[in-house]
Structures are given as C-alpha cells and as structure tokens.
Amino acid sequence: MLHAKHSAGDDDDVNWNTDDEIDNFQSSPRNVVHMDETVAKFIEMGFSIEMIGRAVEETGGENPEPLMILETLFKISTSPEASSSKSKVIDELIGMGFSEELVIKAIQEHGEENLKEITNALLSYAAEKMHETEKMHETENEDINNNYFSDDNDDINIFSGLSSSDEENELNSFHGDGRLQDLIKMGYPRKEASIALERCGKIASLAEVVDFIFAAQMARQLDEFWAASDEQERRINEPPPRRRRLNTDIASDDELIRLPNPMIGFGVPKEPGLITDRPVPIPNIALGPPYFYYENVAMTPKGVWATMSSHLYDIKPEFVDSLYFCAAARKRGYIHNLPIKNRFEIQPTPHYTIQEEFPLTKKWWPAWDKRTKLNCVLTCIASAQLTNKIRKRLEKHERDPAVQKDIVDQCKKWNLVWVGKNKAAPLEPYEMERLLGFPNNHTRGISRKDRYKSLGNSFQVDTVAYHLSVLKPLYPKGINVLSLFTGIGGGEVALHRLQIPMKLVVSVEISEVNRNIFRSFWEQTNQRGDLIEFRDVEELDDHKIEGLMDQYGGFDLVIGGSPCNNLAGANRVSRTGLEGDQSSLFYDYCRILEAVRSKASRMRR
DNA sequence: GCCATCATGAAATATAGA
DNA sequence: TCTATATTTCATGATGGC
C-alpha cells in the first residue's frame with residue numbers, strides 16, 4: 001500500500017481542521033459529536049424534545065450515532081401515529097426548513113393523510129428551488145472556472161478550480177457582512193444558506209451554520225433512503241450478488257439491453273429528451289449511499305452489458321456519447337445508483353465542434369472535409385508517414401473527388417485535423433487532454449506513446465462530471481472516494497472541477513505511469529484529503545476495505561471503469577469478452593463494491 | 001453495405017550511454 | 001562504434017448498429 005498523506009504541518013490546513021471539529025452526522029467513529037450538541041441540532045431542525053428522546057431510545061445502543069437517531073426521527077415523524085395531529089405535522093415540516101406556503105400547498109394537493117406524498121412533493125419543490133439556485137451559483141462561479149484552461153500557453157499547468165488559498169479566504173471572510181454571499185460562493189444553495197443563517201442566528205460560528213445546512217441536506221437524502229430501509233435491512237442477510245456466468249448463459253439477456261439512439265442516456269445538456277426519473281427504477285437493494293459509478297465501452301460483444309448489469313443489482317446502464325459534451329465521440333455505458341435530478345455541467349463547457357475547439361485548424365480545413373466532430377480518441381495515433389502521404393497526394397490531385405473522399409476516410413479513421421496546407425495530422429496529447437476535459441498537460445512528463453495510451457483509456461471528464469454533479473449538494477463538506485482502475489484520475493478531476501472536496505481517495509491503479517500522473521495532479525491541486533494508493537485490485541481484500549472504512553468512516557462513492565481491452569472493437573487480437581484476462585477484472589469491481597456496501601450496512605447499525 | 005471502434009505485437013528505426 | 005533501450009511504424013479483422 002502506498003500512502004500519500006497530506007502533511008499536517010501545512011499553514012493552509014485551516015479548513016479540514018475546522019471540518020474535523022464540526023463533523024456531524026456522518027456515521028464515522030471519529031466524527032461522532034457530543035450528544036448535547038446533537039440534541040440541540042435536532043431541536044433546531046424542528047423536532048420536539050419528546051420525539052428526540054423517543055428516537056434515542058428506539059435507536060438503542062449505549063451511544064447511538066446521530067445519523068441513526070436522525071433516521072429514527074424521520075421514521076417516527078412520518079408514522080401514522082405521529083401524523084394524528086395535522087398542525088403538529090405542519091409545524092414539523094416547517095421546522096425542517098420548508099415554507100408554510102409549500103407545506104399547505106402539498107397537503108392540499110395530496111391530502112393530509114398521505115404523508116409520504118406530501119414529503120415527496122415538498123422534496124420536489126425543494127429540488128426545483130435548489131436547481132434554480134444551483135444555476136445561479138454556476139453563473140457566479142464562471143469566473144473561477146474560466147481560468148481553468150489556458151489557450152495561450154500549453155506549458156503552464158493551470159489548476160485554478162478552488163485552490164486551497166481561495167477556500168481559506170472564503171472561510172475567513174465568513175464573519176463579515178456578506179455571509180449569505182460567502183455561503184453561496186462555497187456552493188450552498190441560496191435558500192438553504194438563508195434558512196441556515198436565520199435559524200442559527202447572528203452569533204453562530206461558521207461551523208454551526210455549515211453543520212446545520214449539512215444536516216438538512218442529509219435529512220432530505222435520508223428521506224429517500226428511509227423509503228428503502230426495510231429492503232436494505234433485508235439485504236444485509238442476503239448472499240452476495242450473482243457470481244460470474246459464462247457467456248453462453250446470458251443469451252436471453254441480450255434482448256434486454258439495446259444501445260439508444262440518440263445516445264444521450266437520461267439526457268444531456270442542450271439536447272431534448274432530458275428525463276428526471278429513471279424508466280426502470282433502481283432496485284431498492286441497490287439504493288445508495290454508498291453511491292457507485294461504473295463505466296465501460298458501450299459497444300461490447302453481445303450480452304456483456306446484460307451480464308454486467310446482472311452483477312450490479314440489475315441496474316440498467318446509461319449509455320452516453322460524449323460528443324454531446326465535447327467535439328469528440330466517446331460512446332460509453334455507465335451503471336450507477338446516483339440520483340439523476342438536477343444534474344449540471346461543469347464550467348467552462350468545452351467547444352462542441354472541432355473548428356471551435358481548435359481554431360487554428362480553420363485556416364487549413366478544406367471545404368470538402370465536412371467533419372465537425374472527431375471520432376473516439378483511441379490509444380494509438382496515425383504515423384507521420386500518413387501525414388506525408390496525404391500531403392503528396394493532395395499536391396498532385398487536390399481537385400480529384402475520389403482522392404478527397406479517400407483522404408477524408410483516412411482522416412476519420414485516424415482522427416486527423418488540418419494543421420497546415422494539405423497537412424492532416426493527429427492530435428497532440430495536450431489537445432486530447434482538452435477534448436477529454438483534463439487540465440492542460442495533465443499527462444506531461446511521460447513518453448508521448450504513454451500519454452496517448454493513458455488518455456485513450458480515460459474518462460471524458462465533462463460527461464462524468466455531469467453525472468456526478470448531483471453529489472455536490474449532498475456532500476458539501478466533501479466525500480470519501482474509493483477509486484478503482486483510477487487511470488489518470490478522470491473521476492477525481494471531475495470531482496475537483498465540480499469543487500466537491502475529496503476528503504479521502506483510495507486509488508487502485510496498476511500502471512506506475514498513471515499513478516505518477518494522478519499523484520502529480522493531487523499535489524498540484526493542493527488537495528487537503530488523504531491519498532492512499534494501491535497497485536492491484538487483488539490487494540484490496542475485505543480486511544483492508546473494512547480497515548479503511550473503520551479508519552475514515554466509510555466511502556461515499558465507489559467509482560471506476562474496469563479494463564476494456566477484451567471488449568473494445570479496436571482490438572483485433574484478443575477481443576475475448578468479459579472473461580478476458582483484463583476485462584474480467586470487472587468482477588473485482590463487483591467484489592469490492594459489495595464489500596463496501598456490506599460494511600456500510602453494518603456501520604449503519 | 002457502410003461505418004466506427006478506451007488494441008496488440010512485431011519489426012524497424014531512433015536515441016542514449018559507455 | 002557498439003549495445004541497450006525507447007519510440008515509431010505497420011499489419012492485423014470482427015463486431016454490431018444503422
């Protein structure tokens with residue numbers, strides 16, 4: 001195990017120290033707060049002392065964790081017994097932060113007896129409001145994010161998302177007159193920040209206000225979680241998910257999974273077809289937290305996605321082509337249990353056409369090459385010889401339509417762009433980084449060949465960030481990430497660009513070259529959390545997973561895309577399917593995910 | 001029929017170091 | 001100049017969606 005721990009002596013270590021002090025409802029042993037403080041927070045949230053006492057008693061244990069108590073409180077507050085008094089329910093809902101107007105509206109719409117419907121309606125109202133606020137917040141953050149890329153100097157690495165000093169300044173300025181603005185800048189929705197300030201009072205510390213917001217958000221999250229709690233309890237005693245099957249076993253599943261056209265998943269920005277409810281709901285057994293996010297190539301041999309889905313709780317994959325996010329195609333499938341409401345893009349968004357993304361190519365782009373999008377960025381590029389051949393042919397037969405067509409075919413096959421007169425060349429590594437949403441020169445310092453290989457195997461950051469964006473309001477204080485097959489850290493770059501703090505990243509990556517790239521990213525972006533590196537997924541057995549979860553309070557997100565070598569269409573040598581040497585590591589993803597979920601269940605109890 | 005596809009391995013060539 | 005290592009180049013189809 002390779003352990004890169006953040007140095008404790010850094011001068012700018014203010015935030016995490018503060019957060020450690022105020023850590024609240026996470027079920028981490030090290031994060032358990034004093035019971036008096038917990039009770040005070042529950043009272044602030046609108047629960048009566050009587051109800052809190054009952055919840056503590058029903059939760060059981062010598063020192064029940066706040067998260068468990070809160071869960072019990074929600075069960076009690078929405079039980080038929082508790083709903084006997086309409087005014088009491090109204091008071092409690094208002095006490096939870098919902099406006100009186102909305103509560104009354106929800107009751108009128110759904111009837112006073114139907115508490116669950118009322119709660120769902122209120123959550124929807126709140127979600128809509130949060131979404132609006134999030135949009136405002138995105139606009140406000142544009143200036144920060146616009147500095148992320150440098151078009152002028154490719155030799156300068158710019159990681160200007162939320163630097164440590166920026167974050168510190170924001171926190172330090174909290175006690176000034178613009179507290180609401182400060183909270184909004186930190187990423188909290190305006191409504192929640194406003195309520196929190198009102199409820200906590202003028203003399204409240206930053207810790208208390210942030211704590212209050214987090215508690216309210218956790219409460220909302222728990223409400224959805226609670227709906228499936230019975231099922232989850234049952235899950236604890238269930239056997240692990242189905243183990244691997246032979247390809248011959250899954251023929252009947254083939255028909256269940258088809259690639260969508262257009263390949264927009266549950267929807268993408270700027271295209272019609274956005275949906276906010278899954279057509280096939282996530283089975284209760286698979287509801288998070290912990291959340292997981294699995295990725296692989298969309299076009300696999302038949303039956304592979306059906307098999308992968310069956311091993312990941314029968315969640316249907318979301319197929320998305322990243323050409324809806326950038327100027328290059330990238331057809332991928334994602335199986336995840338993330339919410340899909342209120343997704344948002346990271347800023348700045350990439351350009352959507354080749355010519356906009358690489359303006360210098362406009363001068364040389366021939367009219368007969370109609371491409372506006374590139375094909376998938378692969379792990380290998382065309383040779384310099386091909387560029388020479390194309391130039392020579394064009395010098396002789398520039399006006400020959402047959403030659404033009406042949407050359408366009410070559411350009412499509414090898415993803416060439418026009419960089420000079422009659423000169424079609426492959427993308428430079430830094431150009432691929434830009435297409436894929438990475439910082440300029442993210443992969444600098446390794447051989448050119450390795451850069452292409454690593455980039456060809458990576459996530460498209462904007463696409464993944466769009467999916468992960470729903471975590472931002474759920475975890476304003478940051479998340480613990482278990483990153484399998486980390487590669488060059490596409491998932492972590494997405495979280496960083498979303499400004500979701502990473503308190504912990506446990507990374508598994510077999511390539512030393514990739515580990516070095518990711519570690520450089522971690523250091524250059526001044527990450528405050530801990531980075532723990534493993535080389536091989538096989539090193540991560542149940543004992544190690546449980547130890548890490550005990551130490552850090554569990555994982556909030558398990559993310560990774562297992563090797564596609566044996567699935568990818570470009571492989572002419574060993575496209576042997578999911579049981580191939582590399583691609584069968586998918587089963588390790590399942591094993592580790594199940595170990596995390598199982599341990600998380602035990603920790604909740 | 002057309003088209004795109006997170007690739008692999010061997011041979012050829014270039015580079016670095018003694 | 002020789003040798004070891006690194007990099008570039010080339011040849012290698014099948015699959016599945018439309």
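Keep in mind that the numbers below use all heavy atoms, side chains included, and drop hydrogens, waters and symmetry copies. Here is the naming used below: chain letters follow the sequence lines, and residue numbers restart at 1 for every chain.
Among residue pairs with one or both ends in residues 283-295 of chain A, those qualifying as salt bridge (charged side-chain N to carboxylate O under 4.0 Å, His left out) are A/E295-A/R332; sequence neighbours excluded.
Under the ring-ring contact (aromatic ring centres under 6.0 Å, His included) criterion, A/Y452 pairs with no residue, sequence neighbours left out. Every residue two or more places apart in sequence or in another chain was checked for a side chain to side chain contact (heavy atoms under 4.5 Å, CB included) with A/D581, and none qualifies. For A/K405, the salt bridge (Lys or Arg N to Asp or Glu O under 4.0 Å) partners are A/D409, not counting sequence neighbours. Under the salt bridge (Lys or Arg N to Asp or Glu O under 4.0 Å) criterion, A/D450 pairs with no residue, sequence neighbours left out. Under the salt bridge (Lys or Arg N to Asp or Glu O under 4.0 Å) criterion, A/K331 pairs with A/D321, not counting sequence neighbours. With sequence neighbours left out, the salt bridge (Lys or Arg N to Asp or Glu O under 4.0 Å) criterion links A/R278 to no other residue.
Heavy atoms of A/E295 sit under 4.0 angstrom from at least one base atom. Using a 4.0 Å heavy-atom cutoff across all strands shown, A/S562 reaches at least one base atom of the nucleic acid. Note on A/K412: only backbone sugar-phosphate atoms sit closer than 4.0 angstrom, heavy atoms only; bases stay farther off.
Taking 4.5 Å as the limit, some side-chain heavy atom of A/Y587 sits within range of a side-chain heavy atom of A/L578.
C/dT9 and B/dC6 have their P atoms separated by 23 Å, given to the nearest Å.
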Side chains of residues 393-403 of chain A: which donor-acceptor pairs under 3.5 Å do they make with residues two or more places apart or in other chains?
{"from": "A/R393", "atom 1": "NH1", "to": "A/D406", "atom 2": "OD2", "distance (Å)": "2.5"}
{"from": "A/D400", "atom 1": "OD1", "to": "A/A402", "atom 2": "N", "distance (Å)": "2.9"}

Report all interatomic pairs (protein N or O, nucleotide N or O of nucleotides 14-18 of chain C) with separations under 3.5 Å.
{"from": "C/dT15", "atom 1": "O4'", "to": "A/R575", "atom 2": "NH1", "distance (Å)": "3.3"}
{"from": "C/dG16", "atom 1": "OP1", "to": "A/K302", "atom 2": "N", "distance (Å)": "2.6"}

Check nucleotides 6-12 of chain C for protein N or O atoms closer than 3.5 Å to its own N or O atoms and list the pairs.
{"from": "C/dT9", "atom 1": "OP2", "to": "A/A384", "atom 2": "N", "distance (Å)": "3.3"}
{"from": "C/dC10", "atom 1": "OP2", "to": "A/S383", "atom 2": "OG", "distance (Å)": "2.8"}
{"from": "C/dT12", "atom 1": "N3", "to": "A/R572", "atom 2": "NH1", "distance (Å)": "3.2"}
{"from": "C/dT12", "atom 1": "O4", "to": "A/R572", "atom 2": "NH1", "distance (Å)": "3.2"}

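Residues A/R330 and A/S322 bring no donor and acceptor atom of their side chains to less than 3.5 Å of each other.
Shown here for A/P348 and A/D462, the closest heavy-atom pair between the two residues is O-OD1, 4.4 Å.
With a cutoff of under 4.0 Å to any heavy atom of chain A, the contacted region of DNA chain B is bounded 5' to 3' by B/dA4 to B/dT8.
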### Query
Can you give the dot-bracket line for DNA chain C, where a pair is Watson-Crick or G-U wobble with both atom distances under 3.5 Å, crossing pairs use [ ], and | marks a partner on another strand?
||||||||||||.|||||

